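Following: one structure in structure tokens, then a few remarks.
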Amino acid sequence: MNTPVIVWLRHDLRLRDNPALFYAAQQGPVIPVFIDDTSVADEWSPGAASRCWLHHSLDSLNQQLSGGLKLFRGEPLDVLSKLIEQTGARAVFWNRCYTPQAVRRDSLIKRALKNAAIEVHSYNGSLLWEPWEVSKGDGTPYKVFTPFFRNGCLNAPLPDAPLPSPQLRLFSAQDSTDQISLQQLRLLPDHPWYERISEHWEISEDAAWKRLQQFTAERLQHYQKGRDFPSMEATSTLSPYLQWGQISPRQIWYYSQQQANKPGLEDALDTFLKELGWREFSYYQLYHNPGMTRENLNQRFNHFPWRNDADRCRDWQQGRTGFPVIDAGMRELWQTGYMHNRVRMLVGSFLVKNQLQHWLHGARWFWDTLVDADLASNSASWQWVAGCGTDAAPYFRIFNPVTQGQKFDPDGTYVRRYLPELKKLPSRYIHTPWEAPEAVLKAAGIVMGTTYPNPILDLKETRSQALQAFAHLKEHS
DNA sequence: GGTCAATTGAC
DNA sequence: TCAATTGAC
């Protein structure tokens, strides 16, 4: 068969365990395509950090394909139709996307191509279980994680084993006139901020594998306890690779189980696999609640008296709240495009419950600055922390950044890493610099209010305000 | 409709 | 201890 087939790559920028690529390669010479989609340009088009990651991902994948990756910008149906016309391709293969816009787009394109007598083949390349295949006995979707994962997922048929790299034959054709270069895609922002992020990460399919191997070999044994301590680097940090598909959840699922098949690692492995379960649960929720990227899942929260205060949001964004663990987290985010999981919960709770800002302000900032920005996880997690989500943290659970800092960063290693201005402050005061005696501050080279801000709010007071607002909400709905 | 259980806390 | 909600089955 020498009629070419098109593989439309999206969030699956890898060769291994790529069902669309694998099965397309069995059908004929392949034309691999990536399209910068202008048809879904809404507030959740990839943010700056995500586009930066995408730039490097495409560069790396193009090298793996010996320069054969074709880049376009435009409406996918137009691009694909033209390419079919130019090359005589008879089929289009892709791996499914699950965000509401993408689901709608793909089903329209599928219908249009089929009407034009073009075959369309779609596969699951980014989830362990399809969201429509997991439901309760009565057919309605789960709302609570534990039964979703234990009964819904783990009792369902196991995910397929990962596929090997395909035997690829690339279709050799003249470059089409619509094709553009990686530079012309302009995925890197003008702001030099991205350079630091690029330096911080090795962005390729091989790098994702190295990370998984290193994680299972060195980090997994300490995962159970270590994952809560932001200074410890005990987590996998695979999330950004998962987002653009340099690695698949199936590869992680099977490889980690195979490597951790030793006594003593059972609990750590279960906890780790459960985190993949949370990713599944987020996609599951988004699939069944497409409005949750904007609207409170719990509608009672529609009447919550959020404050709309750009200045407060700016303090938070820039890491100038005066609470070291919060500020360190926000600076980690800015410098690396990443933030440790526990710290994400702390900064989320602070913005929503102490500053009383709407969770969407946080979701939008994370969306723009996280290299692992994932619409499902981001929406579900912000709703969780705000208390309006499915299976959410109870409203009265308000994290205290001081006690949390003392508990999970007792010697201040994490704080010092991202707040060098507090580097010389003794551990005793590292989470409460405003309590340090004048002499201690002086010795550490700190001038409160100048080199480091005083706390912008009173934890006790704001906590009780939030509790009051929530209680009011409860009475009047 | 009764029973059981519930990621990641604070005072 | 809080203090009682919500979902799953």
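Since the model is a prediction, treat every value here as computed from it, not as a measurement.
Put simply, A:Thr403 has no side-chain N or O that comes within less than 4.0 Å of OP1 or OP2 on B:dG9. Of the side-chain N and O atoms in A:Tyr142, one or more sit less than 4.0 angstrom from OP1 or OP2 of C:dC9. Taking 4.0 angstrom as the limit, A:Asn400 places none of its side-chain polar atoms (N or O) nearer than this to OP1 or OP2 of B:dG9. Taking side-chain N and O atoms only, A:Arg150 has no distance below 4.0 Å to OP1 or OP2 of B:dT7. In terms of phosphate contacts, A:Arg300 brings a side-chain nitrogen or oxygen within less than 4.0 Å of OP1 or OP2 of C:dT6. A sub-4.0 Å separation between OP1 or OP2 of B:dA10 and a side-chain N or O of A:Gln404 is present. Proximity of A:Asn151 to the phosphate of C:dA8: no side-chain N or O atom is located under 4.0 Å from OP1 or OP2. Contact annotation: A:Arg227 side-chain N/O to B:dT8 OP1/OP2 distance is not under 4.0 Å.
Distance noted for atom C1' between C:dA4 and B:dA5: 14 Å (whole Å). Going from the C1' atom of B:dG1 to that of C:dT6 covers 15 Å, rounded to whole Å.
Nucleotide C:dT6 is matched to B:dA5 when pairs are restricted to Watson-Crick or G-U wobble geometry with both distances under 3.5 angstrom.
Side chain of A:Trp278, nearest nucleotide from B:dT8, B:dT7, C:dG7: B:dT7.
Atom CD of A:Glu461 is separated from atom P of B:dC11 by 14 Å (rounded to the nearest Å). When rounded to the nearest whole Å, the span between CZ of A:Phe281 and P of B:dT7 equals 9 Å.
With respect to the salt-bridge test (charged N to carboxylate O, under 4.0 angstrom), the residues A:Arg344 and A:Asp372 qualify. The existence of a salt bridge linking A:Arg342 and A:Asp409 is excluded, since no basic side-chain nitrogen approaches an acidic carboxylate oxygen closer than 4.0 Å.
For an aromatic pair to be called close, the ring centres must be under 6.0 Å apart, and A:Trp132 with A:Tyr287 satisfies this.
Using modelled atom types and a 3.5 Å distance limit, the side chains of A:His361 and A:Asn308 yield a donor-acceptor pair.
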